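The structure under discussion appears below in the form of structure tokens.
For clarity, every value in this text was computed on a predicted model and none was experimentally measured. Numbered from 1 within each chain, the chains take letters A, B, ... in sequence-line order.
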Amino acid sequence: MLSKVRERLMNIKFLRRILNWGRAWSLWSVHLETGCCGPEDMGRACARFDTERFGTLPFPTLRECDLLFITGLVTKKMAKRVRMIYDQMPDPKYVIAIGECAATGGFYWDSYSVVQGVDRVIPVDVYVPGCPPRPEAWIQGIKMLQEKIKKEGIDEK
Amino acid sequence: MEDRVVEDVKASFPDDVLEIDVQRRGRVSISVKRDRIYDVGLFLRDKLGFDHIASVSGVDYIDKKEFEVVYHAWSIDKKILAALRTRIPRDNPVLKSLVDVWEGALYHERETWEMFGIKFEGHPNLSLLLLPEDWEGIPPLRKDFILPKRPQE
Amino acid sequence: MKLSMGPQHPVTSHFRFILDVDGDAVLNFEWDVGYTHRGIEKMAENRIYIQNIPVVERINSYCDAIGTTLGYVEVVEELTGIEIPERAKYLRVIAAELNRIASHLYAVSLVGISAGFETMLMWTINDRELILDLLVKLSGQRITYTYPTIGGVRWDMPDGFKEDALKRLDYLEKRLEDYYKMMAWNRTFQMRFKNVGILKPSDAVKLGIVGPNLRASGVKADVRKDEPYEVYDRFDFEVPTGKNGDSFDRASMRLKEIEQSIVILRQALKDIPKGPIKGSPKGSKIPPTAPRGEAYSRVESARGEFGYYLVSDGKSKPYRLKISTPSFRNLPALPHLCRNVPLGDIPVIFITFDYIPLDVDR
Amino acid sequence: MVLSILRPFFLGLYHVFKRTFTVKHPYETLKPPERHRGRVMLNMDRCIGCNSCVNICPNKALTLVEFNGRKLPQYNAGRCCFCVLCVDICPVLALSMTHEVEYSVYKKEDHIYPPDRFSQPPEPIKGKIVTVKTLDKKFGVKHG
């Protein structure tokens, strides 16, 4: 019953826009580092580039987060944990793949223990290239994700 | 300094040392028989002061059907790096563990075991360290391990 | 009871600890590493010597990329017998020391955040950005520089680099006072870090600990002094050592090392000679072929001693490249220290050792 | 003892009144230095299709493809690690680095740059270009 009411309400464009706007500007990110883009995660979160301006706050508890940064390579051992973490996050959840290793495996095309692209494990929304990407590129990735969220559930005609 | 190390080792183990030379300043290479590596290691640590383990590496000589195990130990007082090496057959890769000699070799030997399949007798915990838990197949750093091919787009 | 920490944990990052706990006391500590194992040693056998420079850089691209590549480049140079010009040696030292400062600032920031000093995190990361600016000017990247190459360095100092560097170093030196006031001389910080995780010098040597952690225990061992590579023997600097070997010593060791790095950098920037930056223009472009043989190089990176053991069979690719990394060599310290300590001390002890997961796993 | 606790407190308080360190990125951008390693760019007129960049690339980010009857490299930004070995080795200086870092995509396939797209120059930087102007312990760092 409740869910039906919710669905009805969400079909109203005006309300949907408000919801999307709220989601887009409160993307808290999970504190998970998988590869060498880790220090840049700190670089973009600290004072100089300060992604908190876009609502992206690194947060230790993944139960309250909706954004997962895959910072670099994902090994086969880590892939299971990444999947587990992704499953534990509440809906709606978004993933940004940082760096070339997360996108395609990059350097480790002949490695025996690296997953060739994180999209084999979890769905990815935005790919940010670079090794590691500069904080400006991270900001662009976050901005692009926000654009995507703002269009969610609204038919483009 | 390096020459004295060479002389001391030669004098103490005249039959067991196969080859010993000074590679350059601060580098001594000692090649010993397989079953005497423990005693030579103990001698290096106690008598000559090589007490700081630097690395344990395996090398796969597939043509000669042999593994070489190299222990690099650093002497903080003498400022010399000694490479203690021995060769073991590829079909029976067993070696006495030197964990009692250098406690720091614990993780190095464990890594060498998982990467080459060289069993270290007397090692307290030979289990997978770096590889995924469900690893199957031959150890990856052996020369007959085949890597994935070039990606296609 | 078994307790598992990580790999999704603000402190441990890529590691997982398996702790045997009884109430609040930790009885046994066990590592679960390998979450970033890429098999770089195997990959190196599949690539030519010059392609391996960016590959081995990723071992420690987390912070100290120059120190990592320097070791590899040196081992290849030793085997091939390529001479490098004076200016390149100085440039390598400058880049390495700048990188050491950046890396130590990062380590201090982690120490700060693990003790709840968020101010410390913001300050150190901000000042690290200023140092990274210099490295970007020198090489074009923020973290993965690929700066040293076989036979020299890849780029010369740009115009105005020297003045800019000196200005920023002056600023950093003044800022270090603030760090001491905020962190090392702060009573609350001292209460948290003093007498926690004491590592005796004899144990440190026995376990094979390296780098600032070994020096914090009071053992004077620094590759820059013991076996000077590049031009480190020309500089007048000290090797700071700690007294007790506790977490406080290890944490403040990084601040002391930054001071010494500034001393080295000032001398290097003053003395740098003019000349070419590559041994031969060919040597750095065309991948060299190493003759049959083997070599072992030691380099002091920010986290400690890197050891590269290279075996060549005379072909264009290495036959075997063993990389002995500082964080891997520091691994036995934690199981040794974390026995019968409160659970709350684990992050403090762990963070002062400055482990880098990528460095452990390779 | 009390002093050692109060001093950091007042020090932190003092820093509240300092200049902010933040570069407000979409409106202000840090000046990319000369050697800034962004996306690689191809000069199509110069390229001779000698394959040396394809061979040296450790990531296999470059592949040689047929384009208008010529053999030209195709670039995959999703594989590139910006080591610039290809720029160094190019015998005719056909490859160069640009300042462009912002080219994120929604789909992985968009990372592939065919020769014509590969040779397009990057878009100019939009916001105001800033550098570190003054360094002062008392008042903090100023970008401008």
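- Contact of B:V56 with chain C is made through the backbone alone, with heavy-atom distances under 4.5 Å.
- Sparse packing is recorded around CZ of B:R4, with 12 or fewer heavy atoms of other residues, nucleotides or ligands lying under 6.0 Å away.
- Salt bridge annotation for B:R85-C:E294: present, with a cationic side-chain nitrogen under 4.0 angstrom from a carboxylate oxygen.
- When B:I53, B:L131, B:L141 are compared by the number of non-hydrogen pairs under 4.5 Å with chain C, B:L141 comes out ahead.
- Of the listed residues (B:G26, B:G58, B:S29), the one with the most heavy-atom contacts under 4.5 Å to chain C is B:G58.
- B:R24 touches chain C through its side chain: at least one heavy atom from C-beta onward sits under 4.5 Å away, while N, CA, C and O do not.
- Residue C:L214 touches chain B through its side chain alone, counting heavy-atom pairs closer than 4.5 Å.
- For chain B, the nearby parts of C:V33 are the backbone and the side chain; heavy atoms of each come within less than 4.5 Å.
- Between C:D313 and C:R320 there is no salt bridge, since none of the side-chain N atoms of the basic residue sits less than 4.0 Å from a carboxylate O of the acidic one.
- For B:F145 and B:F116, the ring centers sit 6.0 Å or farther from each other.
- When heavy atoms are compared at a cutoff of 4.5 Å, B:L128 does not approach chain C at all.
- Neither the backbone nor the side chain of C:P326 comes within less than 4.5 Å of any heavy atom in chain B.
- Cation-pi geometry between B:R36 and B:F13 is not satisfied (NZ or CZ under 6.0 Å from the ring centre, within 45° of the ring normal).
- B:E111 has a carboxylate O that lies under 4.0 Å from a charged side-chain N of C:K322, or vice versa, which qualifies the two as a salt bridge.
- Proximity to chain C (any heavy atom under 4.5 Å) is shown, for B:H108, by both the backbone and the side chain.
- Heavy-atom pairs under 4.5 Å with chain C were tallied for B:M115, B:R27, B:E103, B:R25; the largest tally goes to B:R27.
- A donor-acceptor distance shorter than 3.5 angstrom exists from the side chain of C:R38 to the backbone of C:L358, with no hydrogens or angles considered.
- Heavy atoms closer than 4.5 Å to chain B are found in the side chain of C:E227, but not in its backbone.
- By number of non-hydrogen pairs under 4.5 angstrom with chain C, the leading residue of B:L129, B:N125, B:D60 is B:L129.
- The cationic group of C:K225 lies under 6.0 Å from the six-membered ring centre of C:F237 and within 45° of the ring axis, placing it in a cation-pi geometry.
- The 12-atom threshold is exceeded at CD of B:E133, counting heavy atoms of other residues, nucleotides or ligands nearer than 6.0 Å.
- In this structure, the portion of B:I76 lying under 4.5 Å from any heavy atom of chain C is its side chain and not its backbone.
- With a 4.5 angstrom heavy-atom cutoff, C:N46 touches chain B only via side-chain atoms.
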